[in-house]
Amino acid sequence: MTATIPNLPSLYDPFSTEAKWQKFWEDNQIYKADPNKGGEPYCIVIPPPNVTGSLHMGHAFESALIDTLVRYHRMQGRNTLWLPGTDHASIAVHSMLEKQLKTEGKTRYELGREKFLERAWQWKAESEGTILNQLRRLGVSVDWSRERFTLDEGLSKAVVEAFTRLYEEGLIYRGEYLVNWCPASQSAVSDVEVENQEVNGNLWHFRYPLTDGSGYVEVATTRPETMLGDTAVAVNPNDDRYKHLIGKTLTLPILQREIPIIGDEFVDPTFGTGCVKVTPAHDPNDFDMGKRHNLPLINIMNKDGTLNANAGEFQGQDRFVARKNVVSRLEADGFLVKIEDYKHTVPYSDRGKVPIEPLLSTQWFVKIRPLADNTLEFLDQQTSPEFVPQRWTKVYRDWLVKLQDWCISRQLWWGHQIPAWYAISETGGQITDNTPFVVAKSEAEAWDKAKAQFGEGVNLEQDPDVLDTWFSSGLWPFSTLGWPEQTQDLATYYPTTTLVTGFDIIFFWVARMTMMAGHFTQQMPFQTVYIHGLVLDEKGQKMSKSKGNGIDPLLLIDKYGTDALRYTLIREVAGAGQDIRLEYDRKKDESASVEAARNFANKLWNAARFVMMNLDGQTPQQLGNPVATELSDRWIISRYHQVIKQTTNYIDNYGLGEAAKGLYEFIWGDFCDQYIELVKSRLQADANPVSRRVAQQTLGYILEGIMKLLHPFMPHITEEIWQTLTQQSPDTPQTLPLQIYPQIDANLIDQALEEQFELLIATIRTIRNLRAEADIKPGVKVITNLQTESEKEREILTAGLDYIKDLAKVESLTITDKQENQTVAAKKPQRGLKTIGLIIVAIVFGRVGLAAGNAIDDIPIVGTFFELVGFGYTAWFVSQNLLTAQARLKLWSRFFPQKELEQSQETENAIAGVIGTIQVLIPLSGVVDIEAVRAKLEKSLSKAEAEVQSLSTRLNNPSFVDRARADVVQGAREALAEAQKQAEILRDRLKGLP
């Protein structure tokens, strides 16, 4: 698989690399679990994506999180299984196939059940690979040999076993009940498949006349068509306005049906008029009220959403058409009081995307309270399962407390057909609400039971309905491991370790699994439930098909690579369970955040190439572990073990985003930008051989450790680099996913050293920033003075003097006491006084000398002699002290010590910066033309200020803001913010110039 010598290409190609290792891992079954292996088990079952689906950003995010956990625990030596599979998606597949048939001018009934299911299985075979191959492109480390499908033979057996057991235990029953009906899919849907949407609707007020002609009552409704099924009007028995009417009757408009006025404390006297129309067959609250008062249940609705014969003249009309027509008739008859605008919540079918219709129907139900109460005991007594973040525990518990009986039958054909057979010979050859039935694990068993009960002449027909998809999904954690058989997989990997899922599926799936598992296995199906957030779009909005704001993960993978996308999604998580926002430019189909992760991969690749080119063809194992003596070696090794500790702690506590950020900072900052730069001079051929060897050992040791630390997050690039670095044999290659994760050696962590080195790095960074501000060319070395009152800081700076000089390109570095420099600064004003004093003294002595000279001039010969001596001394003094700059400086230093002079000049003509209590001074004389730099900055500032003025004028113009496209206005605002920021930076740089 790899070359026998360390030799990475100059450019990293994520696409060929990722495809190569994905194939290698799967072909060699690297992730195949072995229950006989031993070791503490770690098992995750994949939240099964719909077989109809394709990869969306939510799948990518969830898969990246799971794979990071699985790879980490595998490298920790645990016996790891990540079990893959797909869900049969009963309603989704059924709807899709019916649409196909509709284009052919057919219905499923014309095609027949057998032919319909043939089509469904054929479609599944053709399309199932789409989502699975997309998951493969994410590099997920699943055990493909254990792939499951909720309709496969083993899982179908588990479903039948669960149904028959629950039925025999009295926990499944068949009965007439009000269900959520989806007219689009013509099937019942469970409560958790209902999505409540707020809509702008109306509230219609009607008068219902008293039968005795003594008056009327006023009722209000958001669904006028349901009045055709009213069987009573209810008032609160304590409502003084109406309690005298209880027992009287009303005449229902249009249908002229006589209905009673009943008293029920459910009615809120303060809401509306205090009178409530009661439609037991079409409202859950009315259904309960109807049972309390023995009211008749009149169903006015067909299963396709049209009205039936009980609706009289409105029979055959769609429910929404009938709504308008009923209102028109009531208005024409004088019963309409008023129509109000009314914002209210309407339940929609999550699958059919239409308003659901409460419908009286005979269905199969699970008696939920025994299952929910058992699950609550696990939660309250054992805190099982544990939720991360913990706040979701209350949400989960509240849901379990409020659960109603679960309708599990669906009027579909694709799915697990209900294992009940009706003795249709007892009811005229038809399945009716009263047809007797038997529940059995197979058709043969059903015949035996039926013959024993009804005689040899019995005629059977299996229930045509299928089970709710969530029934089979509720068994997923243990049925996939072999239940109801006591398999080795079940014994080893169950209960599973962690469930990773979104908060929006706690009710759909998590609670179903815990209830089923608690009942059938007497334990919770997983130890921990890690609830992740959503991936939001670039505007912070939830992605959805209806908004059309989804981001295709495959598009980003094709542009930047799988590792870049995976790392981005995980790195963006700021705390377990938090939503993440993904930067995305829809015009260019580009993501700045994913591009940054791709750049990180390139940085890692280039650093690895440099290291391998300087190891003399040896592997880290051949070089041996370093015994560090030099400051930089000890520092990077300490930082490495600190990062091992930090990363391990974060992942163990589901802080995956924090772990990813910490690795980024260590790899890019500490290793690439600091340590590699520090050791470059030690890697030269003429360097000290002992120091060079230790540098090579340290580089190899840290680089290999980085590959292991980063592997769970970026598996492909780390595998490629590790294979090359360790020179794996093509015949019997080891693989990085099966290596042991780095272990902490606390003895190698030196916190004090790290803090000291942080000071050195901060100092280097400050000097570099000052160089950039002063526009000093990269190749020019500077003189730098570091001043601090702290003796400890001066010792640290002195110990790292060579590092500072090397990385900050400093030619001469002095480290002084800041107090002394303040004394010098205080003496600076005295320099002028000394100068004035010298001039006065010179004048006095000059006058005295002149007077003496005049006196001597009067003495013959002597005067001439002294003139000659004075002229000669003057010539000598000038030649010795004034002709050269060096001589003049020496003369000046007799009166002003050199140190004071230099420091004074530095302070006057230097650029300064501060790190904590350390002041950094870089003299600029002879290094840059300060005035030229100032002029350049002022020109740039003028340009930035002009841009600010122009953009501000545009944005303050209402005509522009109101008429321009929203993206243009937003672009102008962003440009203004950038220009203002740039101007502020330029002003700060100008202030920093001497």
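These figures come from a predicted structure and were not determined experimentally.
No side-chain heavy atom of Tyr42 sits under 4.5 Å from any side-chain heavy atom of Trp82. You'll find the side chain of Glu40 stays beyond 4.5 Å of the side chain of Asn79, heavy atoms only. A heavy-atom distance below 4.5 Å is found between the side chains of Met714 and Phe600.
The neighbour count for Ile740 CD1, taken as heavy atoms of other residues, nucleotides or ligands under 6.0 Å away, is above 12.
Checking Thr816 against Thr814 by side-chain atom types alone, no donor-acceptor pair falls below 3.5 Å. With no hydrogens or angles considered, no side-chain donor-acceptor pair links Gln756 and Glu795 at under 3.5 Å. Looking only at atom types and distance, the side chain of Asp670 has no donor-acceptor partner in the side chain of Tyr640 under 3.5 Å away. Judged purely by distance below 3.5 Å, without hydrogens or angles, the side chains of Gln578 and Glu572 never pair a donor atom with an acceptor atom. Side-chain N/O atoms of Asn769 and Thr766 include no donor and acceptor closer than 3.5 Å. Under the 3.5 Å distance criterion, with hydrogens and angles disregarded, a donor-acceptor pair is assigned to the side chains of Ser141 and Arg74. Using modelled atom types, one finds no donor on one side chain facing an acceptor on the other under 3.5 Å when comparing Tyr72 with Arg78. Defined by atom type and a distance below 3.5 Å, a donor-acceptor pair is present between the side-chain atoms of Thr788 and Glu793. In this structure, a donor-acceptor pair under 3.5 Å is absent between the side chains of Thr498 and Gln527. No donor-acceptor contact under 3.5 angstrom links the side chains of Tyr675 and Ser632, judged on distance only. Side-chain contact, Glu18 with Gln22: no donor N or O sits under 3.5 Å from an acceptor N or O. There is a side-chain donor-acceptor pair under 3.5 Å between Glu754 and Ser638.
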Practice problem: Start with the C-alpha gap between Gln696 and Asp616, add the side-chain angles, then the distance that decides, and say whether side chain to side chain donor-acceptor pair (under 3.5 Å) holds. | Solution: CA-CA 9 Å; Gln696 289 176 320; Asp616 298 335; 3.0 Å; yes

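Ring planes of Trp25 and His711: perpendicular class, angle over 60° (limits at 30 and 60°).
Remark: Glu720 engages Lys20 in a salt bridge, criterion side-chain N to carboxylate O under 4.0 Å. The pair Asp673-Lys603 counts as a salt bridge, with a side-chain nitrogen and a carboxylate oxygen less than 4.0 angstrom apart. A salt bridge is defined here as a Lys NZ or Arg NE, NH1 or NH2 lying under 4.0 Å from an Asp or Glu carboxylate O, and Asp563 with Arg598 fails to meet this definition.
Applying the salt bridge (charged side-chain N to carboxylate O under 4.0 Å, His left out) rule to Glu758 yields no partners; only residues at least two apart in sequence or on another chain are considered.
Lys680 forms a cation-pi arrangement with Phe610, by the criterion of a distance under 6.0 Å to the ring centre and an angle within 45° of the ring axis. Cation-pi check for Arg566 over Phe713 is not met; the charged atom does not lie both under 6.0 angstrom from the ring centroid and within 45 degrees of its normal.
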